[in-house]
Amino acid sequence: MQDQWSEVDKNQHGIPRVSGGTADKSEQARVKEQKQIEQYQRLEADVILRIKSKDYSNDTFQATSQLLSQNPEYYTIWNHRRRLLQDVFAKERDRKEDADAADTEAAEREGLTSPQREISLLVKEDLHFLVPLLRQYPKCYWIWNHRSWLLGTATRLLPSHTATELWQGELGLVSKMLSLDSRNFHGWGYRREVVKEIERMSTSSMVEKEFSYTTKMVQSNLSNFSAWHYRSQLIPHLLAERQADCDARKNFLDGEFELITKALYTDPYDQSLWFYHHYLMSTLDPTNSQAPAILDPCTDAERSYYYEQELENVRDMLDGAEDCKYIYQSLLELSQQLRQLDAGNQAVIKGELTAWLSQLLKIDSLRQGRWRDLELKLKL
Amino acid sequence: MSLAAGPGRGGGGGAQGQLPDEMKVVVEKHVAYIQSLDTRREELEYHLTEHLRISGIYWGLTALHLLGHPDALPRDGVLDFLFSCLHADGGFGAAPGHDPHMLYTVSSVQILAMVDGFDELEKRMKDGKLKVAKYIAGLQQPNGTFAGDEWGETDTRFLYCALNALSLLGFLPSQQADQPPLIDVPAATAYVKACQNFDGGFGTEPGAESHSGQVFTCCGALSITGELDSYLGEEGKDRLGAWLSERQLPSGGLNGRPEKLVDVCYSWWVMSSMAMIGRLHWIDKAKLTAFILQCQDPEEGGFADRPGDMVDVFHTVFGLAGLSLLGHPGLVEVDPA
């Protein structure tokens, strides 16, 4: 079993091959590398010794920071860092409300006890430490995990107003990360987690806001597969929350078709857009249990109506894009659905199906086997 | 990933002779490359990747099996290292002193299966197999999925890992019918199904977009529990097969998600999934073969993510497994699940 999917590992990807490998390294480079190794091993040995002797001091904490900055993939060190923090948090919680009047006063202003304030400061400091690391290694699972653990710990140990505030801050961070790489699946996963937590703590839904966020994302870059995906996931919740009736649902579906049709006219070669178009069509397909219906009720007459409408729309897209395979795929898909629903429908004639399929066989040579199978299935 | 090697199943044995040079797998060089991996201690990279060591050995060993040189790494040395990573709770870390984790536990179990080392495990730890199985089972969550370790990260990767390792150990509930089940299989498969999207693919968790790696883990999980065919049906296989076949780009290589770069390792994740659902003929095998071979370093051995990049053991095993699945001559045949 692999450790990371390919796109994830900074160490193993996209590094140009140099001939000869290590043999060609200059003496100077070799000496430098030996020094780096010694320095790294010293630091590692120091951290491990400190943890073994349960030295949960600030110095140890800083040493783990140093080591993790050099090697954020070293998961055991992240575990040690959490053990250290757990120890510090436990000590804070056992500590008597203290002594220092200024501390107590500062804590009270934030609605916290002074140990709680201390914990919140430590959590914030650690969140802060992670930001440059995330920017440098946006695909490192362990950094995202540690962030998620810090927030979860804050939820357990701090009053809800403080924890909520921390989670709210994460929305800003994750939006920033997604603006840097709109396809980072760690970022999208983290966003779902953040939204779920904020919703849970505030007992109010963020569906409308998140839906608007996806609108903003696809408007700034139409070719954002992940944003279209997220949008498709939000729709059932959005409609339920709006208590959308039959007409409202139909209007909604029409609006989405309009949005995607416009986008497809701009770039019919973009797979992300076809993905969303395909999704909208799937909501009309009762056999696809992963795409809940948008229309309610969704009658056969309405299905036919949309299939015919989209057949016409997509046919029009061929004009000037005769070499675009996605158009033929969509036409074939739509015709099959229409024929399943209404075998006698004349919106598509057999000759057209044959013509579309032979176009695909011609322009999509990589997938000949798939189109041959379809040819058999359609009995052409 | 289990390996089914044996006489009569080989992908063509030594029939590389007639192939043009650029189509030949440089078997001896790959073997030498893998053997050299543990001697690179003068490289910083060797030290920075210690957190992957056990998986690295698994990748290397699997590659050697595919190359027909299963004994090229010393069995005793491998076992000694492996047991130095074993914790009292039955979990394995990536290297001595590293914490136990699902990923390294499954790599260890896979290595033990490959070198026929389960007896050795029993010798070194009382009821060792059961202990390891219990470590894995203990990571199952109430919703059916599995965590990677005590810190609780969940991902369908870990779910597949758990089923894979338990099946190799012989501790799946179906393999231990007279014992109380160690894990809740129906909950696990229900979770996998909740990760499926309308496009037929699967994500890391419910709501996450489809990703080829996750397609492999989810199909693999359902395949191990024997539900893949009945769950997907022909319609579902067509849908998933369509999504997977779109992963092939004009270079011949495969990507992991729409509009991402091609990468040799997806030769395995995508192709094995296609093989599991009987749709492998939906991509151009000749072009993919040529792409994988372009990622081979013909001088020093090993495969890279893309042509011209640095090689590593991860891409080496998945490049070779891909070629094996494509039936390329000179390699041992591999089982997609």
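Below, chains carry the letters A, B, ... as their sequence lines are ordered, and counting in each starts from 1.
At a 4.5 Å heavy-atom cutoff, the contact between A:Tyr279 and chain B is made by backbone and side-chain atoms alike. Only the backbone of B:Leu249 comes within contact range of chain A, with at least one heavy atom under 4.5 Å from a heavy atom of that chain. For a residue to count as touching a neighbouring chain, one of its non-hydrogen atoms must lie under 4.5 Å from one of that chain's; by this rule A:Lys325 touches chain B with the side chain only. The contact between B:Ala94 and chain A is made by backbone and side chain atoms together, counting heavy-atom distances below 4.5 Å. Interface residue B:Asp297: backbone and side-chain heavy atoms are both found under 4.5 Å from chain A. Neither the backbone nor the side chain of A:Thr283 comes within contact range of chain B, judged by heavy atoms closer than 4.5 Å. With a threshold of 4.5 angstrom between heavy atoms, B:Ala242 approaches chain A through its backbone and through its side chain. Only the side chain of B:Arg239 comes within less than 4.5 Å of a heavy atom in chain A; its backbone stays farther off. Heavy atoms of A:Ser148 lying under 4.5 Å from chain B are absent altogether. If you measure heavy-atom distances from B:Glu299 to chain A, you find no contacts under 4.5 Å at all. Looking at A:Arg192, the atoms closer than 4.5 Å to chain B (heavy atoms on both sides) all sit in the side chain, from C-beta outward. In this structure, chain B has a heavy atom under 4.5 Å from the side chain of A:Asn145, while its backbone stays farther away.
Aromatic pair B:Tyr160/B:Phe216: centroids less than 6.0 angstrom apart.
Most heavy-atom pairs under 4.5 Å with chain B: of the set A:Arg30, A:Lys52, A:Gln329, this distinction falls to A:Gln329. Between chain B and the options A:Trp188, A:Trp149, A:Tyr40, the largest number of non-hydrogen pairs under 4.5 Å is found for A:Tyr40. The candidate from B:Asp99, B:Leu280, B:Asp238, B:Leu44 with the greatest count of non-hydrogen atom pairs under 4.5 Å with chain A is B:Asp99. Ranked by heavy-atom pairs under 4.5 Å with chain B, the first of A:Arg367, A:Gln36, A:Gln271, A:Gln233 is A:Arg367. Most heavy-atom pairs under 4.5 Å with chain B: of the set A:Tyr230, A:Trp78, A:Phe275, A:Trp144, this distinction falls to A:Phe275. Among A:Ser365, A:Ser289, A:Pro292, A:Ser272, the residue with the largest count of heavy-atom pairs under 4.5 Å with chain B is A:Ser272. Ranked by non-hydrogen atom pairs under 4.5 Å with chain A, the options B:Lys285, B:Glu246, B:Arg41, B:Lys287 are led by B:Glu246. Between chain A and the options B:Glu50, B:Lys193, B:Glu205, B:Glu235, heavy-atom pairs under 4.5 Å are most frequent for B:Glu205.
Salt bridge absent: A:Glu73 and B:Arg53 never bring a charged side-chain N and a carboxylate O closer than 4.0 Å. Salt-bridge check for A:Lys35 with A:Glu38: failed, with every basic side-chain N at 4.0 Å or more from each acidic carboxylate O. Using a 4.0 Å cut-off between a side-chain N of Lys or Arg and a carboxylate O of Asp or Glu, B:Glu150 and A:Arg83 qualify as a salt bridge. Ionic pairing of A:Arg50 and A:Asp46 is present here: one or more N-O contacts between side-chain nitrogen and carboxylate oxygen are shorter than 4.0 angstrom. Using a 4.0 Å cut-off between charged nitrogen and carboxylate oxygen, A:Arg191 and A:Glu210 count as a salt-bridge pair.
Proximity of a side-chain donor or acceptor of A:Gln337 to a complementary backbone N or O of A:Asp285 within less than 3.5 Å is not detected. For A:Tyr326 (side chain) and A:Leu273 (main-chain N/O), no donor-acceptor pair under 3.5 Å exists by modelled atom type.
Between the side chains of A:Arg183 and A:Ser226, a donor-acceptor pair is found at a separation under 3.5 Å. In this structure, a donor-acceptor pair under 3.5 Å is absent between the side chains of B:Asp149 and A:Tyr75.
Between B:Trp269 and B:Phe314, the ring planes lie tilted relative to each other; the angle falls in the 30° to 60° range.
Counting heavy atoms from C-beta on, the side chains of B:Gln214 and B:Ser210 never come closer than 4.5 Å.
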